[in-house]
Number of protein chains: 2
Amino acid sequence: MSYTISEAAEKVGIPATTIRYYDKEGLLPNIKRKNGIRVFEDIDLRLMGLLTCLKDTGMPIKRIREYVELTKKGDASLQERYEIIKAQRRFVMDQIRQLQFYLEELDFKDWYYNKALAAGTEKAISFDDYEKETGRKAPDDPNRKG
Amino acid sequence: MSYTISEAAEKVGIPATTIRYYDKEGLLPNIKRKNGIRVFEDIDLRLMGLLTCLKDTGMPIKRIREYVELTKKGDASLQERYEIIKAQRRFVMDQIRQLQFYLEELDFKDWYYNKALAAGTEKAISFDDYEKETGRKAPDDPNRKG
DNA sequence: CCTTGACTTAAAGCTAACTTTAAGTATTAG
DNA sequence: CTAATACTTAAAGTTAGCTTTAAGTCAAGG
């Protein structure tokens, strides 16, 4: 299947203007043209899926371009591309861990406001109760160690 | 305990310049001054911990300021603050889910490059093998449904 | 007393990742 | 044939979140 830029935009969920920008930035190698107009194939859409993955997990466009450039070199760049993917994979795992940590902080705040709303006031909410009730340490407990 | 801005910066892991910027943006209400110089207390550091949580989970500074403003209103704003926290909590859970989805895409790529390096070439790697070997769908499998 | 270093401010500058604008070309429907 | 629509380009503009700069104040140590 072939697609115009607006069809591709619809499919991958990226505005056409942004796709042109990515193309200009060298993120979309070898997009075909017909009368100067871009023609997208399924393989291009699949690559854009990977670009979205890398971009949304925090890889800068510069680095994505490096990855795309390596891809053009074929099998000679397999190891280098593998290293990039492995690094990004570790990076994403770290992000998930970090978000889970922040989620605990928000869990505490959720508990806190629940308690405060029940009491009608946030004065005299005991941080110790959080541990007693949930078995978890209050993340911003003034008495927390470390 | 009291701290200078550079001690506070060290403690919370935010540059002093950025702390001044946050203060200017209204994210740090009622920081004490002594001869015009900011004096940080433990309670301020704890608030900065929450700010870091909100900021790093994607809340814009504008919105953080709204939250901080509400805090100043005391118990009258408990419900509103609770809504903000609940929304951010859901937002973080969505982010984690999204990252786990992207991680699967990277898991596939990891498998792919492993296989390609073993074979010496990425020509003729079967996407079907990924499902056979791991029981998972290849995220950018050209034959994938949906 | 004088220098050093930490602090102060307002304002300008920076970077990434778009987004918009302006001007033009090509295809299609009536 | 004409008008609408979809596309093209280069370049300027936007936004968030800092970061740097310039000019100055203040307290402590030698």
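Every chain is numbered from 1 and lettered A, B, ... according to where its sequence line falls, protein lines coming before strand lines. Every value quoted in this text rests on a predicted model; they were computed, and no experiment measured them.
The S6(B) side chain lies nearest to dC7(C) when the options are dC7(C), dA26(C), dC7(D). Listed candidates were dT8(D), dT19(D), dC18(D). Nearest to the side chain of P15(B) is dT19(D). Of all nucleotides listed (dT8(C), dT19(C), dT19(D)), dT19(C) comes nearest to the side chain of Y21(A). Comparing dC7(C), dA17(C), dT19(D) against the side chain of T4(B) picks out dC7(C) as the nearest.
A single hydrophobic cluster is seen to contain both L50(A) and I61(A), as judged by linkage of ILVMFWY side chains at heavy-atom distances under 4.5 Å, directly or through other members.
Between N35(A) and dT27(C), a side-chain N or O to OP1/OP2 separation shorter than 4.0 Å is present. Between dT9(C) and R33(B), a contact under 4.0 Å exists linking OP1 or OP2 to a side-chain N or O.
Atom NZ in K32(A) sits roughly 17 Å away from atom P in dC7(D) (whole-Å rounding). The distance from atom CD1 of I64(B) to atom C1' of dA16(D) is 12 Å, rounded to the nearest whole Å. Nucleotide dT19(D) holds its C1' atom 10 Å from the NZ atom of K24(B), rounded to whole Å. Atom CD1 in I61(A) sits roughly 11 Å away from atom P in dT19(C) (whole-Å rounding). Rounded to an integer number of Å, the gap from L27(A) CG to dA17(C) P is 10 Å. The CZ-P distance, from R38(A) to dT9(D), rounds to 4 Å in whole Å. Regarding D23(B), its CG atom lies at a distance of 14 Å from the C1' atom of dA10(C), rounded to whole Å. Taking atom OH of residue Y22(B) and atom P of nucleotide dT19(D), one finds them 8 Å apart after rounding to whole Å.
For I37(A) and G58(A), each mapped to the nucleotide of DNA chain C holding its nearest heavy atom, the one lying further toward the 5' end belongs to G58(A). For the pair T18(B) and K62(B), both in contact range of DNA chain D, the more 5′-proximal nearest nucleotide belongs to K62(B).
Ring geometry for Y67(B) against Y113(A) counts as perpendicular: the plane angle is over 60°, on a 0 to 90° scale with 30° as the lower cut.
Within the nucleic acid shown, T17(A) comes within 4.0 Å of at least one base atom, counting heavy atoms only.
Ionic pairing of D23(B) and R33(B) is present here: one or more N-O contacts between side-chain nitrogen and carboxylate oxygen are shorter than 4.0 angstrom. Using a 4.0 Å cut-off between charged nitrogen and carboxylate oxygen, E80(A) and K73(A) do not count as a salt-bridge pair.
In the model, E104(A) has no side-chain atom that pairs as donor or acceptor with a side-chain atom of Q100(A) under 3.5 Å.
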